[in-house]
Engineer: 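This is the structure I have questions about; it appears just below.
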Amino acid sequence: MRKNNLFLYTCIISSTLLINGCDDKKTSNEKSLSQLPTAVINSYLFHTEPELLPFSKMIKQQHIQGSSTKIINYNDKGFVANYDLEGLHGEINYDTAKYNYGMGDTRNVYDITFDSSQNILGMKNNENDIVASSEFDEQDRLVETTLSHFAENNIIFNSKIIYDNNLVELVLYNAYIPVDEKTKFPVLAQEKAFVYNANNQLEKTIIKTFKLSSNGDIIINDKNEQEVELIETCTYSDYNPNSDWTKAVCITTGDESKTVNLTRTIQYN
């Protein structure tokens, strides 16, 4: 369940800024992303991973192949229109303000609240319960998303986005199960950091998943450091003429070790 839901939730996988020389990789050059409307960037960040953001040109479709397959389609304005992740479907109807989500014949339909720029402010189920809410900064950038009992699960997901100028620098992901009105049981604590080259092209992401104790707290070792369960490092390459990466290698170490090669095929508007 977790892998399927991560796709929608800005993909609950992440990493901390424990990257030596990260600041040295950044420059004041803001060529990437700044050419795209903020609402388009917000649409990507609400529905998909930040690493799937376009560098500067609107995307019509992107197809990511690796251990799983993702296909994401975008409308003429550049907003996410629909996606398919190994049979998990999502579709956003901007005219009727409906969000259709699910697998096979099992679908949930939610009412969307948009602002004037078609940013998703929140969503409600058919019982009028809030299942999603978003927060934006003074520059109208998406900075936080919370999904509450989305797709009829009992988990609350939260993601917080930190920017460096127009680039996503860090995303913090947390998930917990509400026991009662005062008690929350954490089930996920992750951080994802983003490293860019001198041209502001995505070069690397580092994801850390922290170990949780039986009561849900992050385990602290005898060196007063947070214990890490998994580290996933993805290195991006083979940039196309629009400066978007088309290949990546993701290496996971820790309690589970694996290597995944990704291929990204992009069609542009």
Side-chain angles (χ1 to χ4, degrees), residues 1-14 39-53 59-115 118-135 142 144-159 161 171 173-178 184-185 187-188 190 192 260 262 264-265 267:
M1 177 199 71
R2 190 173 78 181
K3 287 185 179 179
N4 287 340
N5 283 333
L6 300 187
F7 176 65
L8 175 68
Y9 307 44
T10 335
C11 285
I12 299 192
I13 307 173
S14 50
V40 169
I41 298 173
N42 291 340
S43 177
Y44 276 77
L45 295 178
F46 184 91
H47 300 286
T48 63
E49 302 99 321
E51 52 266 37
L52 298 183
L53 279 164
I59 291 177
K60 180 178 181 180
Q61 181 190 84
Q62 52 181 314
H63 184 187
I64 300 90
Q65 293 176 287
S67 57
S68 62
T69 298
K70 300 175 185 178
I71 299 176
I72 311 131
N73 295 297
Y74 306 85
N75 63 20
D76 292 340
K77 294 182 179 180
F79 298 112
V80 175
N82 58 73
Y83 55 81
D84 185 343
L85 171 61
E86 292 185 303
L88 175 65
H89 299 274
E91 183 176 355
I92 305 91
N93 190 315
Y94 293 89
D95 295 325
T96 62
K98 298 289 184 181
Y99 198 110
N100 190 308
Y101 176 87
M103 298 186 72
D105 296 329
T106 303
R107 301 294 180 92
N108 295 284
V109 179
Y110 301 103
D111 293 320
I112 306 172
T113 300
F114 291 111
D115 67 9
Q118 291 193 314
N119 290 306
I120 294 179
L121 302 179
M123 296 194 296
K124 293 183 178 181
N125 61 18
N126 56 12
E127 296 178 355
N128 209 36
D129 297 321
I130 296 174
V131 297
S133 60
S134 302
E135 293 187 17
L142 180 66
E144 184 171 358
T145 300
T146 300
L147 297 165
S148 177
H149 303 290
F150 190 86
E152 299 181 356
N153 67 62
N154 64 339
I155 300 176
I156 311 297
F157 290 91
N158 178 266
S159 64
I161 303 169
V171 185
Y173 299 104
N174 289 278
Y176 65 87
I177 298 174
K184 302 175 182 179
F185 184 79
V187 294
L188 179 70
Q190 294 179 321
K192 175 184 283 187
V260 176
L262 301 177
R264 183 187 187 202
T265 303
Q267 298 177 28

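What you see is a predicted model, and the numbers here were worked out from it, not measured in a lab.
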Engineer: Output all residues satisfying side chain to side chain donor-acceptor pair (under 3.5 Å) with Asp129, sequence neighbours left out; order by chain, then residue number.
Structural biologist: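 Not a single residue meets the side chain to side chain donor-acceptor pair (under 3.5 Å) criterion with Asp129.
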
Engineer: Report yes if the side chains of Ile161 and Pro50 come closer than 4.5 Å at any heavy-atom pair, otherwise no.
Structural biologist: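 Side-chain contact under 4.5 Å: no.
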
Engineer: Quick check: are there more than 12 heavy atoms from other residues, nucleotides or ligands sitting under 6.0 Å from CG of Asp76?
Structural biologist: no

Engineer: Could I get the full list of side chain to side chain donor-acceptor pair (under 3.5 Å) partners for Thr96, not counting sequence neighbours?
Structural biologist: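 Checked Thr96 against side chain to side chain donor-acceptor pair (under 3.5 Å); matches are Asn93.
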
Engineer: Please list, chain by chain and in numerical order, all residues satisfying side chain to side chain donor-acceptor pair (under 3.5 Å) with Asn125, sequence neighbours excluded.
Structural biologist: none

Engineer: Look up atom CG in Leu142 and atom OG in Ser159, then write down how far apart they are to the nearest 0.5 Å.
Structural biologist: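 Result: 7.0 Å between the selected atoms.
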
Engineer: Applying salt bridge (Lys or Arg N to Asp or Glu O under 4.0 Å), name anything that partners Glu91, two or more places apart in sequence or on another chain.
Structural biologist: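 Glu91 satisfies salt bridge (Lys or Arg N to Asp or Glu O under 4.0 Å) with no other residue.
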
Engineer: Shortest non-hydrogen contact from Phe46 to Ala132?
Structural biologist: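 For Phe46 versus Ala132, the nearest heavy atoms are CZ-CB, 4.3 Å.
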
Engineer: Can you tell me how far the NE2 atom of His149 sits from the CD1 atom of Ile177, to the nearest 0.5 Å?
Structural biologist: 10.0 Å

Engineer: Sequence neighbours left out, what passes side chain to side chain contact (heavy atoms under 4.5 Å, CB included) with Glu135? Give chain and number order.
Structural biologist: Val143, Glu144

Engineer: Going from NE2 on His89 to CG on Asp84, what distance comes out if it is rounded to the nearest 0.5 angstrom?
Structural biologist: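 Answer for the NE2-CG pair, His89 versus Asp84, is 4.0 Å.
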
Engineer: Please list, one pair per line, the donor and acceptor atoms closer than 3.5 Å that link side chains of residues 61-69 to other protein atoms, with sequence neighbours excluded.
Structural biologist:
unit_1	atom_1	unit_2	atom_2	d
Gln61	OE1	Gln267	NE2	3.4
Gln61	NE2	Asn73	OD1	2.8
Gln62	OE1	Arg264	NE	2.8
Gln62	OE1	Arg264	NH2	3.1
Gln62	NE2	Leu52	O	3.0
Gln62	NE2	Tyr74	OH	2.8

Engineer: Does Asp111 have any salt bridge (Lys or Arg N to Asp or Glu O under 4.0 Å) partners at least two apart in sequence or in another chain, and if so, which?
Structural biologist: Lys98

Engineer: Take Asn42 and Phe79 through the side-chain contact (heavy atoms from CB on, under 4.5 Å) test and state the conclusion after the steps.
Structural biologist: CA-CA 9 Å; Asn42 291 340; Phe79 298 112; over 6 Å; no

Engineer: side-chain contact (heavy atoms from CB on, under 4.5 Å) for Val109 and Asn126? Distances and angles first, verdict last.
Structural biologist: CA-CA 8 Å; Val109 179; Asn126 56 12; over 6 Å; no

Engineer: Under the salt bridge (Lys or Arg N to Asp or Glu O under 4.0 Å) rule, collect the residues that match up with Lys124, sequence neighbours excluded.
Structural biologist: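 Salt bridge (Lys or Arg N to Asp or Glu O under 4.0 Å) check on Lys124 returns nothing, list empty.
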
Engineer: Evaluate the ring planes of Tyr83 and His47, with Trp represented by its six-membered ring, and classify them as parallel (under 30°), tilted (30 to 60°) or perpendicular (over 60°).
Structural biologist: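 Rings of Tyr83 and His47: tilted, as their planes differ by 30° to 60°.
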
Engineer: Which residues satisfy the side chain to side chain contact (heavy atoms under 4.5 Å, CB included) test with Tyr176, sequence neighbours excluded?
Structural biologist: Ile156, Pro178, Lys184

Engineer: Above 12 or not: heavy atoms from other molecules or residues under 6.0 Å from CD1 of Ile130?
Structural biologist: no

Engineer: For Phe114, give me all partners under ring pair (Phe, Tyr, Trp, His ring centres under 6.0 Å), at least two apart in sequence or on another chain.
Structural biologist: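 Result, ring pair (Phe, Tyr, Trp, His ring centres under 6.0 Å) vs Phe114: Tyr94.
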
Engineer: Working to the nearest 0.5 angstrom, can you tell me the gap between Thr145 OG1 and Tyr173 OH?
Structural biologist: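 That separation rounds to 9.5 Å.
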
Engineer: So, using side chain to side chain donor-acceptor pair (under 3.5 Å) as the criterion, who are the partners of Ser148 when residues are at least two apart?
Structural biologist: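 So Ser148 forms no side chain to side chain donor-acceptor pair (under 3.5 Å) with any residue.
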
Engineer: Roughly how far apart are Asn75 CG and Asn82 CG, rounded to 0.5 Å?
Structural biologist: 9.5 Å

Engineer: If I take atom OG1 from residue Thr113 and atom CD1 from residue Ile120, how far apart are they, to the nearest 0.5 angstrom?
Structural biologist: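 Spacing of OG1 (Thr113) from CD1 (Ile120) equals 9.5 Å.
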
